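Data block below; observations after.
So you know, we letter chains A, B, ... as the sequences are listed, proteins then strands, and number each from 1. Computed from a prediction, not measured in an experiment: that's the story for all the values here.
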There are 2 protein chains.
Amino acid sequence: MEQSHTHVPSECARVAPVLSRIGDKWSVLVVMLLGDGPMRFNELRRRVGGISQRMLTLTLRGLERDGFVTRTVFPTIPPRVDYELTPLGHSLLVPVRELGAWAVRNVSVIEDAQRRFDQAAKGQSQSLEQAAPMSFAK
Amino acid sequence: MEQSHTHVPSECARVAPVLSRIGDKWSVLVVMLLGDGPMRFNELRRRVGGISQRMLTLTLRGLERDGFVTRTVFPTIPPRVDYELTPLGHSLLVPVRELGAWAVRNVSVIEDAQRRFDQAAKGQSQSLEQAAPMSFAK
DNA sequence: CAGTATCCTTCATGATACTG
DNA sequence: CAGTATCATGAAGGATACTG
C-alpha cells in the first residue's frame, strides 16, 4: 500500500493535456483506425461513422499538432490528403490498446454498477418523496 | 499492418464513455491518489490541489456510480466519509498507470511537436499576411 | 476531395454562498 | 466535515453552407 507516486502538481499539469486527448470524443478512435495504415480524409470519415467533417478536421489537426499523425497533401485535382501515424503515434497505440482491452473486458461490470447506483438513487429519492437533485448519470 | 480491430460502432459506443472518464479533468488523478489507500473527502481535496469542492463531489459520485470507489459514511459529528478503491478500481489502475507512464515518458516530445507545429502555422499565416483562422492550440 | 466559415446548443468546470 | 444550491462562463461538439 506504500506506492507514493510522488504526485507533483507541475508534472501532472503537463501530463493532463495528454490524457485529455485520450478522453476526447474522437482521437482514440482515429488513432486506432490509422493503426491499420495510412488513410485519406473521407475514408477515415466513413470508417469512423457519425463524425462531422468539422470534428474530423479538428481531431486530425490536434493529432498532427501533438506529433501523432502526419498529413501529406498530393497537389492533384481533386486534392488528395493522406494521414498516417508517426512512430510516436504507433507507440501511443500500445498503452491505448491495453486501456481499450481493459474497457472492453469491464464495460459490462461498469454498466451493471451504474444501473445499481441509479436504482439505489431512485429508491432514495422516492423514500424522501422528492425529485432527485444533481444527477450523475451522464 | 493487418490488424483488423473489428471496429464495431455499437461496441465503441459502449467503450467510449469509459475512455471519456479517463479523459475528464480529475478522475484519473483521484483514482491514482486513492491507489495509496482510503482517504477522507478533505484529505483528497488537499492532495489533489486546485479542485473545487463541487468538482470533487461530482468526480467521486461519478467514480462511485461506475463502481470504481466505495463511499463509507461514519455517522459521527462532525461527519466522516471515507472513499476507497474497489477491486474494479484497482484493476483500472493497471492500464491507467501504463498510460500515465507513457505520457510521462513522451510529454516532452509532444510539447516539442506542438511548438514546431505552432511555429510553422505562425510562419504560414505571416507569409499570407493574415491572421490565423481556427486555432488548434488548446 | 478536403477542407473553411458561421452559427448554435449543450456540457463541463468554476465561484460563491449556505447547511446538517 | 462534507456536502448542496445557484449562477456564470468558456469550451466542445454539431448543423449547415460555401470553396479552391
Side-chain angles (χ1 to χ4, degrees), chain A residues 13 16-17 19-30 38-64 69-84 121 124-125 128 130-138, chain B residues 16-17 19-30 38-64 69-83 121 124-125 128 130-138:
Chain A
L19 296 189
S20 83
R21 183 160 300 295
I22 304 301
D24 89 9
K25 199 170 177 182
W26 304 108
S27 291
V28 164
L29 182 50
V30 168
M39 224 170 287
R40 297 179 58 173
F41 186 88
N42 275 332
E43 185 182 356
L44 213 34
R45 184 154 159 48
R46 277 190 304 275
R47 292 229 213 173
V48 171
I51 190 173
S52 64
Q53 200 168 34
R54 172 188 139 88
M55 284 315 297
L56 182 54
T57 299
L58 288 176
T59 300
L60 287 168
R61 287 295 182 286
L63 293 173
E64 190 193 357
V69 310
T70 55
R71 178 175 179 272
T72 309
V73 181
F74 300 89
T76 55
I77 296 179
R80 168 188 175 149
V81 181
D82 273 24
Y83 291 91
E84 182 171 15
Q124 184 67 12
S125 60
L128 293 171
Q130 63 183 34
M134 269 211 229
S135 168
F136 307 105
K138 300 184 76 170
Chain B
L19 296 189
S20 83
R21 183 160 299 295
I22 302 301
D24 90 7
K25 199 169 175 182
W26 304 108
S27 291
V28 164
L29 183 49
V30 167
M39 226 171 285
R40 299 179 58 172
F41 186 88
N42 275 331
E43 185 182 356
L44 212 35
R45 183 154 159 50
R46 276 190 303 274
R47 290 228 214 174
V48 172
I51 190 175
S52 65
Q53 199 167 36
R54 176 186 137 86
M55 283 315 297
L56 182 54
T57 299
L58 288 174
T59 299
L60 286 168
R61 286 294 183 288
L63 293 173
E64 190 193 357
V69 309
T70 56
R71 177 174 180 274
T72 310
V73 180
F74 300 87
T76 55
I77 296 179
R80 167 185 176 150
V81 182
D82 273 24
Y83 291 91
Q124 185 67 11
S125 61
L128 293 171
Q130 63 183 34
M134 270 210 230
S135 167
F136 305 104
K138 300 184 76 169

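- Distances shorter than 4.0 Å separate none of the side-chain N or O atoms of Y83(B) from OP1 or OP2 on dC1(D).
- Summarising the geometry of V30(B) relative to L44(B), their closest heavy-atom pair is CG1-CD2, 4.3 Å, with the distance given to 0.1 Å.
- Picking from dG3(C), dT4(D), dT13(C) the nucleotide with the shortest atom distance to the side chain of D24(B) gives dT13(C).
- A straight line from CD of E64(B) to C1' of dG3(D) spans 13 Å, rounded to a whole angstrom.
- For the atom pair CD1 of I51(B) and CZ of R46(B), the computed distance is 14.0 Å after rounding to the nearest 0.5 Å.
- The OG1 atom of T70(A) sits 8.0 Å away from atom CD of E64(A), with the distance rounded to the nearest 0.5 Å.
- Remark: M39(B) CE to L60(B) CG distance equals 10.5 Å, nearest 0.5 Å.
- In terms of heavy atoms, T76(B) sits closest to P78(B) at OG1-O, 2.8 Å.
- Distance CG (D82(A)) to P (dA2(C)): 8 Å, rounded to an integer number of Å.
- Per the geometry, CG belonging to L56(B) stands 17 Å off P belonging to dA12(C), to the nearest Å.
- The CG atom of N42(B) sits 9 Å away from the C1' atom of dG3(D) (whole-angstrom rounding).
- Taking 4.0 angstrom as the limit, R71(A) places a side-chain polar atom (N or O) nearer than this to OP1 or OP2 of dG3(C).
- Contact check for W26(A) versus L56(A): no side-chain heavy atoms found under the 4.5 Å cut-off.
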Notebook entry, point to check: Can you give the dot-bracket line for DNA chain D, where a pair is Watson-Crick or G-U wobble with both atom distances under 3.5 Å, crossing pairs use [ ], and | marks a partner on another strand?
Noted result: ||||||||||||||||||||

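- Here D24(B) contributes atom CG and D24(A) contributes atom CG; the two are 13.0 Å apart, rounded to the nearest 0.5 Å.
- Per the geometry, CG belonging to L60(A) stands 16 Å off P belonging to dC1(C), to the nearest Å.
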Enumerate all atom pairs, one protein N or O and one N or O from nucleotides 14-20 of chain C, separated by less than 3.5 Å.
from	atom 1	to	atom 2	distance (Å)
dG14(C)	OP1	K25(B)	NZ	2.6
dG14(C)	OP2	W26(B)	NE1	3.2
dG14(C)	N7	R54(B)	NE	3.1
dG14(C)	O6	R54(B)	NE	3.2

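- Atom CZ in F41(A) sits roughly 11 Å away from atom P in dC1(C) (whole-Å rounding).
- Counting heavy atoms from C-beta on, the side chains of L29(A) and R47(A) never come closer than 4.5 Å.
- Spacing between atom CG of L58(A) and atom P of dA2(C) amounts to 17 Å, rounded to whole angstrom units.
- Within the structure, every side-chain polar atom (N or O) of R45(A) is placed at least 4.0 Å from both OP1 and OP2 of dG3(C).
- For the pair T59(B)/K25(B), no side-chain contact is recorded, criterion being any heavy-atom separation below 4.5 Å from C-beta on.
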